[in-house]
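Take a look at the structure set out below.
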Amino acid sequence: MLILTCPVCSVTAEETEFHGGGEAHLTRFGPGASEEEFENYLFMRENPRGVHFERWRHVYGCGKWFHAARCTTTLEVFGTYPAQTLEPPKTLRAQISKKRPGWFWRGFE
Amino acid sequence: MSKRHSTGGRLLNREKALHFTFNGQKFSGYEGDTLASSLLANDQMLVGRSFKYHRPRGVVAAGAEEPNGLVNMGEGGRFEPNQRVTTTELFDGLTARSQNHWPSLEFDIGVVNSRLARFLPAGFYYKMFIHPRPFWKYIYEPFIRQSAGLGQAPKEPDADTYEHFYHFCDLLIIGGGIAGLQAAKTAAKSGARVMLIEQTGHWGGRAVVDGGMVDGDPVDNYVEQTVAELAALDNVTLRTRMMGAGVYDHGYVLGYEQLRDHLPGSMGPRHRLWRIRAGHIVTATGAIERPLSFAGNDVPGVTLAAAVRDYLVNYGVSIGQRTVVVTNNDDAYRTAFALHDAGLSVPAILDARTGLGKTDMRERAEARGITVMAGHAVASVKGGKRVTGIAVCKQEGAGAVVQEIACDAVAMSGGWSPVVHLWSHCGGKLQWDADHAFFRPDADKAPTGDAGQPFVTVAGAANGALKLADILEDADAGARAAAAQIGHKIRKSKSPVAQREEEAPLEPVWLMPAEAEVKLRSKAWLDYQNDVKVSDVQLAAQEGFESVEHAKRYTTLGMATDQGKLSNINGLAILSDALGRPIPQTGTTTFRPPYTPISMGAIGGEARGEVFQPLRRTPMHDWHAAHGADWEPVGHWRRPYAFVRDGERLKDSVNREVLNTRRNLGLLDASTLGKIIVKGPDAPKFLDMMYTNMMSTLKPGKCRYGLMCSENGFLIDDGVVARLDEQTYLCHTTTGGAERIHQHMEEWLQTEWWDWQVYVANVTEQYAQVAVVGPNARRALEKLGGMDVSKEALGFMEWADGTLGGFKVRAYRISFSGELSYEIAVDASHGLALWEKLMEAGAAFGVMPYGTEALHILRAEKGFIMIGDETDGTVIPQDLGLDWAISKKKEDFLGKRAQARRHMTDPKRWKLVGLETLSGAVIPDGAYAIGEGTNANGQRNVIGRVTSTYYSPTLDRGIAMGLVLYGPDRMGEVISFPGTEGATFKARIVDPVFYDKEGEKQNV
């Protein structure tokens, strides 16, 4: 059971206090999108061994959504940050690079 | 025979005799006994039968690794199967029965399987049961069901109580042997909060049986002193009878404490499940002795060498009077010495090591007059339900007998395996130690925590340190490293020093004799409980099961309740040999929690009966209960299904409620409906995205029925939206949907449109709501007095604030029944008072409360859909003919793009229609309509299914709704729905609105 820190209310808590919400930083496609764009948005997900960015909600706490950068193999949590952003913060990406040189995830590295 | 000696037994209180029964026979033992030791004291060697061949089984171990001694324990509400005799502490009045035999333990019919062993090889089930098919149904399955499972399932509810505990500590040390004790002692100096847990009722583990000197004192004294020191410290918590069951992510541990298994009848919970979050974990879980694989190693009386020692030293019990020791290492000599020193006969030590020279242990044995036969092995064991002798052969060779020795017990040792389970649970890796022939934790590949730090350290025998002096050193070093890991410093201090005993190295022996022929190999057991033999694993390898995980499942090696504690390493060594590759390349199977089985009661904890789950009650709940409510669970709520009057059958109550609502006046407690306030300058824009309808154009004072879809296009909820003012809406959701839809809205607001100025609040429990329904609805409200509820003042699909009967209310003119209907919302605290006032005012107008079933029938008669009946997560609004509720003007809403996908616009999607049976009967719920022809599997093609089906008292006939292929284009056509037991229902496709098609009654 993971330990996560909510970046909104700063509480560090057990996984049972949170709820996972799948991959972070999806771009929404709506009417006007091609079949391929829309299907990619709806169904295609990263499934990396290693660095991953995912959405969590502090459901039994402040109720806020946030993002976590996590290693799917060692379960190390590199950091969490508020959901109101289109990409992982630069400082966090630099921290991950120190621990996992050469990592990349979708367009980010 | 096995028997109790008049002296000895360090755990016994011989002053206190305890009485118990086994298979109905009366026995006695002493306080301090285990069930195993007391059975052995009474010469009850035979304790059970094996799973597949029903072979006689005796106790083989003395601890948690025991695979054979499993019994049904207790009676009635305290009955429990598969209880391990070696870890069950004896108490007065204990009742136990052996398992897996018929008709009796001594005489068992199933043993015939043993004679058929040649025909029951590895993978037997897979090979036999494929063809022919009818055999499966009529022969194999009944046979397997009859013989499957060892114990019996309890028949009565558990009479005991259980609880969960939450605990936080800096350092959790699992295992109260000398390694755990020393680790705790060292770590406690740092000031860290330390918890030390031990699965048995005693501290000190093996060391107190095996003896030795620590700092010039006997090890018993060291254990006693250390426990006393630790108990006096405020920062140390000590628990016995508590097992570390599993290690999970980021330092989470489940502890299983058996509080009252040894004290039946005393007050308090029986088991406690500890949910522990530790900064760091030290596993000091010791090691388990391995059996040797020789023919007949499963005959009762063949026992692990260390267990023989345990029974003698701890309980004063000898397994046999003439015991042959067979070993590949020095440790088993200690058993020979202990037996000899107790005056028992040890005819020989068969030491399989071919290169054994003059060793210290050998000299000590020979000094006692014990014959040591170097390079020799057991060719076979004689005896059926009990060892009567052995045939001796050379270890090198095929098993030519050189000598026979009469004996009634065999003490075997194939070396030791560190207990690496807890280390491995959360990803710790192992390395093969060729010198000791075991897997040990690879300290460089520890399970890692949230910051990437290692969070488990292994100490003592679990880490591969098997000698007393090494164990203490390793534990001290491990505790220092663990404390440092969590930022605690330990000042340098002298750690205790134990006296060293020289030991000659072990020689791996995986099969005895090395070139054993198939006749011997097929009698050499690896897994005693599941009857897996050396020959089975070799067959699996030969048939291509090269992965250890595949071989395990094919042979069932290690799949019994002991989870391979004895069989794992021996089995994979045989597999490796058969595949001609080294053991580390074969690897181990995965270690999964719990370490030994834990009770279902402990997992459930307090969550049973009334407190299983919190129950949500509306303000009128108690009134309903007092008026005959037959409850239906809806989400976490309980809603009245119907209000049953004295002498009434449930379905009669439902029909009465429906008819009365249509003719007079019905009251429905609608408080459970979800109510969500959506407020802010961007609220109209936001709701346009959430609903398929246009909500931004709704005028304040008006209501609109809305549909909500997921981004996949599927319907997820529906309900009436009221616009309270320019920037405020109140959205009704389904009863089960309030929390879900509130979170759905929050998700989109927080993660996609976070710049939109909108707040949402779930106010479901702030309001009580009463639906006042029927032709007399207006008259009843007018009798209460207050606000104007006339057609002119409050039209259909409008709402207004006002007072009624002195209550401050919000009245919505909405209808889910097709009748004239008002939903009156009031502060929750006034809900019951309003309800009672309405019942009083309605008395003159024939008022009756109605429940959820009447609500369902009323809505079905009108063709209104119900989320969860007409929808199942794959239905889009267009399937239900709800195109009118989907805005064509809006550029975007959740689900719009998805509903344009190819499959969503396919004309072959099943669509909603009404169904009228030709006979007037009610079609079974969920029935499928049959079409022409068959599909690829030879099943008849289906062309639709029933989604809602009821007896309509209003129309006095069965009515149904369903999704049907080309349904709306097939009005008047008759299709058939097969029911159960050969019945077929023919139904005509009709309009889903069965009653008041023009909708005049609700709009008066």
Side-chain angles (χ1 to χ4, degrees), chain A residues 1-5 8 12-16 19 21-39 41-43 51 55-60 62-80 82-86 95-96 98-100, chain B residues 166 168 246-254 275-279 426-428 445-455 689 710-714 739 742-756 760-762 890-904:
Chain A
M1 190 157 61
L2 304 178
I3 295 174
L4 294 170
T5 300
V8 183
T12 299
E14 304 268 331
E15 190 178 331
T16 46
H19 187 79
E23 189 172 325
H25 303 299
L26 295 180
T27 304
R28 180 170 185 262
F29 282 87
S34 70
E35 289 281 276
E36 199 189 345
E37 282 170 334
F38 189 67
E39 279 167 15
Y41 155 58
L42 263 195
F43 305 122
V51 179
R55 308 188 318 150
W56 288 84
R57 185 177 184 231
H58 194 186
V59 62
Y60 297 113
C62 67
K64 297 300 183 195
W65 282 92
F66 63 90
H67 291 163
R70 201 168 65 87
C71 176
T72 59
T73 51
T74 67
L75 307 187
E76 178 170 0
V77 180
F78 302 112
T80 57
Q84 290 76 36
T85 175
L86 297 175
Q95 278 170 33
I96 297 172
K98 267 188 212 159
K99 292 180 165 176
R100 300 281 191 282
Chain B
Y166 292 83
F168 297 85
V247 173
Y248 304 85
D249 306 345
H250 294 183
Y252 184 70
V253 175
L254 282 187
R275 307 172 70 164
I276 305 167
R277 185 62 84 167
C426 202
K445 292 173 184 162
T448 50
D450 60 334
Q453 82 285 14
F455 73 83
M689 289 304 294
S710 64
E711 190 72 313
N712 273 302
F714 301 121
E739 283 66 36
H742 177 232
Q743 294 191 11
H744 173 69
M745 290 178 169
E746 278 287 347
E747 181 178 349
W748 285 98
L749 279 174
Q750 289 184 32
T751 66
E752 186 67 25
W753 304 306
W754 62 78
D755 52 336
W756 292 10
V760 298
N762 183 357
K890 290 195 295 188
E891 265 178 35
D892 195 3
F893 58 82
L894 294 184
K896 184 177 168 80
R897 175 64 186 86
Q899 286 163 9
R901 296 178 68 216
R902 209 178 336 142
H903 179 58
M904 300 297 205

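Computed from a predicted structure; not experimentally measured. Below, chain A is the first sequence line, B the second, and so on; all start at residue 1.
Side chains of Glu15(A) and Tyr252(B): no donor on one and acceptor on the other come within 3.5 Å.
Taking the side chain as every heavy atom from C-beta outward, Glu746(B) and Arg57(A) approach each other to under 4.5 Å. Here the side chains of Arg897(B) and Tyr41(A) are not in contact, with every heavy-atom distance at 4.5 Å or above. Side-chain contact between Gln750(B) and Gln84(A) is present, with heavy atoms from C-beta onward closer than 4.5 Å.
Looking at Asn712(B), the atoms closer than 4.5 Å to chain A (heavy atoms on both sides) sit in the backbone and in the side chain alike. When heavy atoms are compared at a cutoff of 4.5 Å, Glu747(B) approaches chain A by way of both its backbone and its side chain. Only the side chain of Leu42(A) comes within contact range of chain B, judged by heavy atoms closer than 4.5 Å. Proximity to chain B (any heavy atom under 4.5 Å) is restricted, for Phe29(A), to the backbone atoms N, CA, C and O. In this structure, no portion of Thr73(A) lies under 4.5 Å from any heavy atom of chain B. Heavy-atom distances place the side chain of Lys99(A), and not its backbone, under 4.5 Å from chain B.
Taking NZ of Lys445(B) as the start and OG1 of Thr74(A) as the end, the distance is 14.5 Å to the nearest 0.5 Å. In this structure, CD1 in Ile3(A) is found 5.0 Å from CG in Asp450(B), a value given to the nearest 0.5 Å.
Chain B forms more heavy-atom pairs under 4.5 Å with one residue of Gly30(A), Gly32(A), Gly21(A), Ala24(A) than with any other, namely Gly30(A). Comparing Asp892(B), Asp755(B), Thr751(B), Thr448(B) by heavy-atom pairs within less than 4.5 Å of chain A, the highest count is held by Asp892(B). Here Glu14(A) is the residue among Glu39(A), His19(A), Glu14(A), Arg70(A) with the most heavy-atom pairs under 4.5 Å with chain B. By number of non-hydrogen pairs under 4.5 angstrom with chain A, the leading residue of Gln743(B), Arg902(B), Glu891(B) is Gln743(B).
In plain terms, the two heavy atoms of Val77(A) and His250(B) that are nearest each other are CG2-CE1, 3.8 Å. Scanning both residues, Leu86(A) and Trp754(B), for their nearest heavy atoms gives CD2-CH2, 3.9 Å.
Salt bridge annotation for Arg28(A)-Glu752(B): absent, with no cationic side-chain nitrogen under 4.0 angstrom from a carboxylate oxygen.
In Tyr60(A), the OH atom is not crowded: 12 or fewer heavy atoms of neighbouring residues, nucleotides or ligands sit closer than 6.0 Å.
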